[in-house]
Amino acid sequence: KLFTDIKINDCINHKKINDVCRNIIGAIVKDKDLLLNLNNIKNGKKYIFTHSISGTILSINIATSIGYSLRDVYELAYGALLHDIGMLKINEEILTKKNILTPEEWIEIKKHPVGTGAFMLENFGNDQITLKRNPSYWRKDDFGNKLPFLDKVVMTYTKNKKSELLAFRNRKIDVVL
């Protein structure tokens with residue numbers, strides 16, 4: 001129901017997601033092998049749901065085993081549950097296709113990799129990634145203005161740190177990481 005509502009209404013019910021995360025965390029506390037049992041319920045019609053739940057359970061198991069606080073585990077679970085939410089916009093036949101995807105099908109998949117985040121993938125090149133503003137992004141600032149304020153983010157990368165520093169000094173890039 002949670003994913004169906006998101007797909008149909010194009011909005012996220014945060015209370016439902018919070019409840020799902022709490023339930024999953026509670027179930028994992030009781031049964032550490034829950035992820036192993038999920039392989040039995042995967043099927044084509046519920047691919048995004050089972051994939052998201054599996055990823056959430058795996059994330060929670062790893063986080064708890066390395067000592068994350070309950071609050072951090074909860075935030076991780078929330079993000080893991082929604083990590084592929086953009087895939088709800090893709091035709092289910094493409095998602096469950098057994099053969100190699102056509103170039104057109106790959107283009108369709110690449111349209112939705114970021115999901116409900118502030119940005120969507122616009123271009124992925126050899127030395128640059130371009131993200132464009134997601135018109136369906138749901139967050140607003142304290143004054144009710146739609147976020148994000150930026151229309152586009154361009155990230156360039158290079159193997160050579162000297163070239164990167166030179167580009168920064170010449171104001172061709174704004175940040176060096």
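Put simply, CH2 on W106 and CD1 on I100 are 10.5 Å apart, with the number rounded to the nearest 0.5 Å. Of the inter-residue distances, the one linking L58 atom CG with T56 atom OG1 reads 9.5 Å to the nearest 0.5 angstrom. In this structure, K132 NZ and D151 CG are separated by 11.5 Å, a value rounded to the nearest 0.5 Å. Taking CD1 of I24 as the start and CG of N61 as the end, the distance is 11.0 Å to the nearest 0.5 Å. If you take OH on Y68 and CD1 on I60, they are separated by 12.5 Å, rounding to the nearest 0.5 Å.
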Derivation and outcome, side chain to side chain contact (heavy atoms under 4.5 Å, CB included), residues Y74 and R22
CA-CA 7 Å; Y74 175 77; R22 280 191 196 94; 4.3 Å; yes
Does the pair L131 and M155 meet the rule for a side chain to side chain contact (heavy atoms under 4.5 Å, CB included), with working shown?
CA-CA 8 Å; L131 302 175; M155 294 173 277; 3.5 Å; yes
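Salt bridge E75/R71: present, at least one basic N to carboxylate O contact under 4.0 Å.
Using a 4.5 Å heavy-atom threshold, the side chains of E108 and N91 count as separate. Residues E105 and E93 have side chains not in contact (no heavy-atom distance under 4.5 Å, counting atoms from C-beta outward).
Smallest separation of non-hydrogen atoms from L76 and S59: CD2-O, 3.4 Å. Across T102 and K97, no two heavy atoms sit closer than the pair CG2-NZ, 4.0 Å.
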Sequence neighbours excluded and cut-off under 3.5 Å, please list the side-chain donor-acceptor pairs for residues 163-177, or say none.
residue, atom, partner, partner atom, Å
E164, OE1, K161, NZ, 3.0
N170, ND2, L166, O, 3.3

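No more than 12 heavy atoms of other residues, nucleotides or ligands sit less than 6.0 Å from atom NZ of K152.
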